[in-house]
Amino acid sequence: MNETVVSGIRPTGKLHLGNYFGAVQNFLKFQDTYTCFFFIADYHSLTTHPTPAGLNDSVYRVLAEYLALGLDPEKCTLYLQSDVPEVAELYLFLNMNAYKGELERVSSFKEKAKSQPDNINAGLLTYPVLMAADIILHHGTRVPVGKDQEQHLEMARTFANRFNRLYNVNYFQEPFAIGSGNKLVKVPGLTGGGKMSKSAGEADSIYLDDEPEVLKKKIMRAVSDSGPATPGMHKSVPVQNLFDLMALVSAKDVIDFYDKSHTEGSIRYGDMKKQIAEDMEHFIAPLRSRIQDTLKNRELVAKAAKTGMEKARESAGKTIREVREIIGFRPF
Ligand code: TYM
C-alpha cells in the first residue's frame, strides 16, 4: 500500500531523547521509503503564548535540528506549519464537527487544564482538531509519534470518519500512530516521574546537544533506588526507567549484565548510571556536533524552509480545493 507519513514536533526549545526515539528516529527511517511530510508545529505552540522572539528562535532551532539529525529536504517535505495556511482552513472546517464534550474528555486537555488553570484557551481545547487537520491535509495514513500522542490519533480518525459520513464521501483515510515494531515508545524522564518532558524541568531531559559534563551530571543524579538490592527484587519505577534508558543506547551484553546483577541483588546503581552516561555520550557526541554546525548555517536552514513550504502548499492546496468543493463552496 502506498502510505503517506505525516508528523510534527512543537517548537518548545531543544529536542530531547524522547523526541528522538519517539519520533525523529522513525522520520529518518520512513523518509527513504514513503511520501513523508514532517513539520514544525508552531501554530500548536501558541497555546502557551511564546514571545515573538522566543517562538522564532525555537522554530529555527527545531528545523536546524531536523536537518542535523539527517532529515533530507530532497527526500521528505520539511516545513513550518504556519507556512501552510491551508492547515488553518481545514482546522476551521473540522472544528464545526468537533464537540465540546469529546474534546473536554481528552487526557492531554485535562492535564493542561489542571497545570495551567489561568490559561485554558480554546486552542488548547481544540488542539486535537488542529492535529487532525495537519495529518489529513496530506492524506496521512501513518503518523510516527510517541505513546503520549495515541489518543490524539484516535481523535484524528474520528474527525476524518465524521467528515466522510457528514458529506457522504470516502475522501479522508484513517491515520494510525506508528512506533518501533508494533509499540509506541515512551522514553522516561530522569527525575523518576513519567515520560521525559521539558515541562518537568531541566534535570528531567537529556537534550541531543547536551555537553558531556552536563550529560554525565544529569544521569548520575537520576532517581534510582536508595536501599540495598536484594535477590529477585521487583524493579521499581525509577529503576525500570534506568533500564529503559539503558536499552536505548547500550549494547545487549551490557544490558544483560545489569539485568542479571539486578536479579541477583548485586547491582550497584552508581555503576549502572556511569555505564549509561558513557554509552549516552557515545550516542550524543556525533549528534551534538552536527547540531552545533547546522545551527550556524542560517542559509541552509532558510533554504530548507522555503523548499518545504512550496512542496507542502502544493499538496495542501489540492486537498483544500477538493474539500471546499465537497462542502459546497462552489462557483455559481
Ligand atoms: P511534542 O512536540 O510534544 O513531541 C514531539 C514528538 O516527540 C514525542 N515524544 C516522546 N516520545 C517518547 N517518549 C517521550 N518522553 C516523548 N516526549 C515527546 C511525541 O510523542 C511526539 O511524537 N501534538 C504533537 C505535535 C503535533 C503532531 C501533529 C504530531 C502537532 N500536529 C500531527 C503528529 C501529527 C506534540 O505536541 O508533540
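Worth knowing before you read on, the calculation uses all heavy atoms, side chains too, and leaves out hydrogens, waters and symmetry mates. Counting convention: from 1, in listed order, for ligands and their atoms alike.
- The nearest protein atom to atom 19 (C) of ligand 1, hydrogens excluded, is given as Asp148 OD1, 3.4 Å; this is a heavy-atom distance.
- Relative ring orientation between Tyr269 and His262 is described as tilted, the plane-to-plane angle lying within the 30° to 60° band.
- Within a 6.0 Å sphere centred on CG of Asn170, other residues, nucleotides and ligands contribute 12 heavy atoms or fewer.
- With hydrogens and angles left out, the side-chain atoms of Asp271 and Gln275 include no donor and acceptor closer than 3.5 Å.
- At a heavy-atom distance under 4.0 Å, no atom of Thr12 approaches ligand 1.
- Aromatic ring centroids of Phe37 and Phe27 lie 6.0 Å or more apart.
- Less than 4.0 angstrom separates some heavy atom of Lys186 from each of these atoms of ligand 1: 12 (C), 13 (N).
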Taking distance alone, no hydrogens or angles, what donor-acceptor pairs closer than 3.5 Å link side-chain atoms of residues 322-332 to residues at least two apart or in another chain?
unit_1: Glu322; atom_1: OE1; unit_2: Tyr171; atom_2: OH; d: 2.5
unit_1: Glu322; atom_1: OE2; unit_2: Lys318; atom_2: NZ; d: 2.9
unit_1: Arg324; atom_1: NH1; unit_2: Glu89; atom_2: OE2; d: 2.4
unit_1: Glu325; atom_1: OE2; unit_2: Arg330; atom_2: NE; d: 3.4
unit_1: Arg330; atom_1: NE; unit_2: Glu325; atom_2: O; d: 2.8
unit_1: Arg330; atom_1: NH2; unit_2: Glu325; atom_2: O; d: 2.9

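- At a cut-off of 3.5 Å, with distance as the only test, no side-chain donor of Asp209 or Gln292 sits close to an acceptor on the other residue.
- For the pair Ser197 and ligand 1, no heavy-atom separation below 4.0 Å is found.
- Lys217 NZ: 12 or fewer foreign heavy atoms inside a 6.0 Å radius.
- At least one cation-pi condition fails for Arg142 and Phe30: the charged atom is not both under 6.0 angstrom from the six-membered ring centre and inside a 45 degree cone around its axis.
- Ligand 1 has an N or O atom lying under 3.5 Å from an N or O atom of Gln149, backbone or side chain.
- Of the protein's heavy atoms, Met131 CG, 3.4 Å lies nearest to atom 28 (C) of ligand 1.
- Proximity of Phe27 to ligand 1, defined as any heavy-atom pair under 4.0 Å, is not found for any part of the residue.
- A 4.5 Å side-chain heavy-atom check between His152 and Val106 finds at least one atom pair inside the cut-off.
- The protein non-hydrogen atom at the shortest distance from atom 26 (C) of ligand 1 is Gly8 O, 3.8 Å.
- Residue contacts with ligand 1 for Val143 involve side-chain atoms from C-beta outward but no N, CA, C or O (heavy atoms, distance under 4.0 Å).
- Clustering ILVMFWY residues whenever any of their side-chain heavy atoms sit less than 4.5 angstrom apart, transitively, puts Met131 in a cluster other than the one holding Ile9.
- Both tests do not hold together for Lys311 against Tyr79: distance to the six-membered ring centre under 6.0 Å, angle to the ring axis within 45°.
- Across Leu184, Leu15, Val87, Asn19, heavy-atom proximity to atom 5 (C) of ligand 1 is greatest for Asn19.
- Short contacts between ligand 1 and Ser7, defined as distances under 4.0 Å to a heavy atom of the residue, involve ligand atoms 29 (C), 33 (C), 34 (C).
- Residue contacts with ligand 1, taken as heavy atom pairs separated by less than 4.0 Å, involve Val145 via backbone and side-chain atoms alike.
- At under 3.5 Å, a nitrogen or oxygen of Met196, whether backbone or side chain, sits near a nitrogen or oxygen of ligand 1.
- Under 4.0 angstrom from ligand 1, the non-hydrogen atoms of His44 all belong to its side chain.
- Looking at ligand 1, you won't find any N or O of Ala23 less than 3.5 Å from one of its N or O atoms.
- When heavy-atom distances to ligand 1 are checked against a 4.0 Å cut-off, Val187 comes that close through both its backbone and its side chain.
- Among Phe21, Phe38, Tyr127, Phe37, the residue whose heavy atom lies closest to atom 36 (O) of ligand 1 is Tyr127.
- Between the side chains of Ser205 and Lys198, no donor-acceptor pair is found at a separation under 3.5 Å.
- Counting only N and O atoms by type, the side chains of Gln81 and Asp134 include a donor and acceptor under 3.5 Å apart.
- Nearest protein neighbour of atom 3 (O) of ligand 1, counting heavy atoms only, is Arg10 NH2, 2.8 Å.
- For atom 14 (C) of ligand 1, the nearest protein heavy atom (residue, atom name, distance) is Gly18 CA, 3.6 Å.
- Residue-level proximity to ligand 1 for His16 is carried by the side chain, the only part with a heavy atom below 4.0 angstrom.
- Remark: ligand 1 and His152 share no N or O pair separated by less than 3.5 Å (distance only, no angle test).
- With hydrogens left out, the protein atom closest to atom 12 (C) of ligand 1 is Val185 O, 3.2 Å, a heavy atom.
- Judged purely by distance below 3.5 Å, without hydrogens or angles, the side chains of Tyr91 and Thr126 pair a donor atom with an acceptor atom.
- Here's the thing with Asp134: one of its N/O atoms is less than 3.5 angstrom from an N/O atom of ligand 1.
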